[in-house]
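A quick note: this is a predicted structure, and the numbers were derived from the prediction, not measured. Just so it is clear: chains get the letters A, B, ... in the order the sequence lines come, proteins before strands, and each one is counted from 1.
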2 protein chains.
Amino acid sequence: MNIQQNIRVAVDAIVFGYSRRQLHVLLIRQKFGLLKDRWALVGGFVQDHEPLSEAVQRELREEAGISVDYLEQLYTFGDDVHRDPRMRVVSVAYFALVHTEKYQLIADSDAEDARWFPIDELPPLAFDHARIIQTAYRRLQGKLSYQPIGFDLLPEHFPFSDLENLYCTILNTEIDRRNFRKKMLSFGILEETEHSAIQKSGRPGKLFKFNSLKYNDLKEKGFVFEIKFA
Amino acid sequence: MNIQQNIRVAVDAIVFGYSRRQLHVLLIRQKFGLLKDRWALVGGFVQDHEPLSEAVQRELREEAGISVDYLEQLYTFGDDVHRDPRMRVVSVAYFALVHTEKYQLIADSDAEDARWFPIDELPPLAFDHARIIQTAYRRLQGKLSYQPIGFDLLPEHFPFSDLENLYCTILNTEIDRRNFRKKMLSFGILEETEHSAIQKSGRPGKLFKFNSLKYNDLKEKGFVFEIKFA
DNA sequence: AAGCTAATGTGTAATGAATACGCAAATTAA
DNA sequence: TTAATTTGCGTATTCATTACACATTAGCTT
């Protein structure tokens, strides 16, 4: 096999977090090169004997100090030959979600020049990263309607209204609170805890937790977690 | 940017065809190397200044002499560092569909060592291509239920029963003929033609054609072409 | 030509899920 | 105490899916 190639393989991670009723994306500030000080996705070149998904996790650790709760391959960007002006780079993008607890940790430690941005207040981005984020956002919206993926964005215990708000903001739609609750509970993947959420006003709500065992059980049986809105 | 990398980027195409009530996959016989005479997917290395999708089309032209009607990126296989025993190869797999007319042309010209295999009668395959085909097959099954993608596997004019059989065989399920017809027609993306299909027995059926203009129109408006089965 | 078989084409009742609400209960703030 | 707010539960209506029935039109057989 004698084919010489001059193409680099990179990975990029679109990490989503949710807090203060907003969807956030993790970005890091470029430290070197032409695009110094521009904001960009976490990412970098893959090492010769490193599986792609491990490369993502390594970059997330090195550049932002986090490990994620959900990771899946999104898309490989390699049709634009000049994505990176310096050389031909094919980038395998991954789509990641983190629980809001970890979220806080990172958001506070700004030392590393890693920061969360609300999805609708993104700064100018390096390369084609704006487009990549749009692709990831659409994927998130799509997945949310037939997979209970939203729990990876919430803390372990949460009031029902937080879950409802998450769906509203990410899908950018209005939901009937009562029907949403009914449908979501009917899946049988939520557990009521003993704790309650104390609030500024109104009746205190019970805290729920996601039961991943029951979820996996149902998923194996081919159950579909479709959730629609009026 | 000083990072030396020794990873090759390849593309592979999973081409599906449909005929004689069976789903088929296009394979080519390896002519060189360790895996000589093994069957494999159409594919090869990407050239330095070539977009990924063009690389796929080039390989399809060079190795099988076809152009496809539908092409979309499937997944990038690069977690198994020894997929290809000779070196590290990251392969971007594409998922393709061809109309049955073209199908016949290829199937007859066996000269190039390109052949169609029924999906459930695949020969031993090179590399991890069996796994890749399984991934593609599942994607096809998934897509079929919410996108009218099946028309890319049929000739321009077809009787309704052919469409129904396509759904049955690919999804491996039984369908109520009457409800399927009703639902499919309700989308408004099919046109009745003047022609009829003459058959061995039974009342002759009208031939239909897929109206891609209407389809694109509805798709833009966010219409969902979901089709379920009992 | 009459009758059988096979496939198409249309209709309709029954079922079940999604939707649109109403309203009581539990808490805080005034 | 009262108003405001949020949770939690219930129910009638609407709409889509499902399960069928049956007439129609052809070829084939006798």
inquiry  = Donor-acceptor check, side chain of Arg83(A) to backbone of Asp128(A), threshold 3.5 angstrom: yes or no?
reply    = no
task = Look only at the side chain of Asp37(A) and the backbone of Arg29(A), and say whether a donor-acceptor pair between them is shorter than 3.5 Å.
result = no
query = Who passes ring pair (Phe, Tyr, Trp, His ring centres under 6.0 Å) against Phe225(B), sequence neighbours left out?
reply = Phe187(B), Tyr215(B), Phe223(B)
query = Where does the chain B footprint on DNA chain C start and end, counting 5' to 3' with a 4.0 Å heavy-atom cut-off?
reply = dA6(C) to dT12(C)
request  = Determine, for Arg58(B) against Glu62(B), whether the closest basic-nitrogen to carboxylate-oxygen distance falls under 4.0 angstrom.
outcome  = yes
message = Tell me the interatomic distance from Met184(B), atom CE, to dT17(D), atom P, rounded to whole angstroms.
response = 13 Å
task = Treat primed atoms plus P, OP1 and OP2 as sugar-phosphate and everything else as base, then score nucleotides 22-30 of chain D 5' to 3': B for base contact with protein heavy atoms under 4.0 Å, S for sugar-phosphate contact only, - for none.
result = --BBBS---
request  = Mind checking Lys183(A) for me? I need base, sugar-phosphate or nothing, with any heavy atom below 4.0 Å counting as a touch.
outcome  = sugar-phosphate
inquiry  = Just the rounded figure in Å: distance from P of dT17(D) to CD of Glu226(A).
reply    = 11 Å
task = Write down the distance between CZ (Phe208(A)) and P (dT7(D)), rounded to a whole number of angstrom.
result = 11 Å
task = Flag yes if more than 12 heavy atoms outside Lys143(A) fall under 6.0 Å of its NZ atom; otherwise flag no.
result = yes
key: Side-chain ion pair, Glu156(B) and Lys209(B), N-O less than 4.0 Å   = yes
message = What is the distance, to the nearest angstrom, from the CZ atom on Phe229(B) to the P atom on dT17(D)?
response = 12 Å
inquiry  = Distance check needed: dA16(D) P versus Phe180(B) CZ, whole Å only.
reply    = 19 Å
key: Lys206(A) NZ: over 12 foreign heavy atoms closer than 6.0 Å   = no
query = Just how far, in rounded Å, is C1' of dT6(D) from NZ of Lys206(A)?
reply = 14 Å
task = Examine dT7(D): is either OP1 or OP2 under 4.0 Å from a nitrogen or oxygen in the side chain of Ser161(A)? Give yes or no.
result = yes
inquiry  = Just checking Phe158(B) against Phe208(B), ring centres under 6.0 Å apart?
reply    = no
query = Over how many whole Å does the gap from Glu192(A) atom CD to dG8(D) atom P extend?
reply = 7 Å
ask   = What integer distance in Å separates Asp176(A):CG from dT14(D):P?
value = 17 Å
request  = I would like to know whether Tyr75(B) and Phe95(B) meet ring pair (Phe, Tyr, Trp, His ring centres under 6.0 Å); could you show each step before the answer?
outcome  = CA-CA 9 Å; Tyr75(B) 193 79; Phe95(B) 164 91; over 10 Å; no
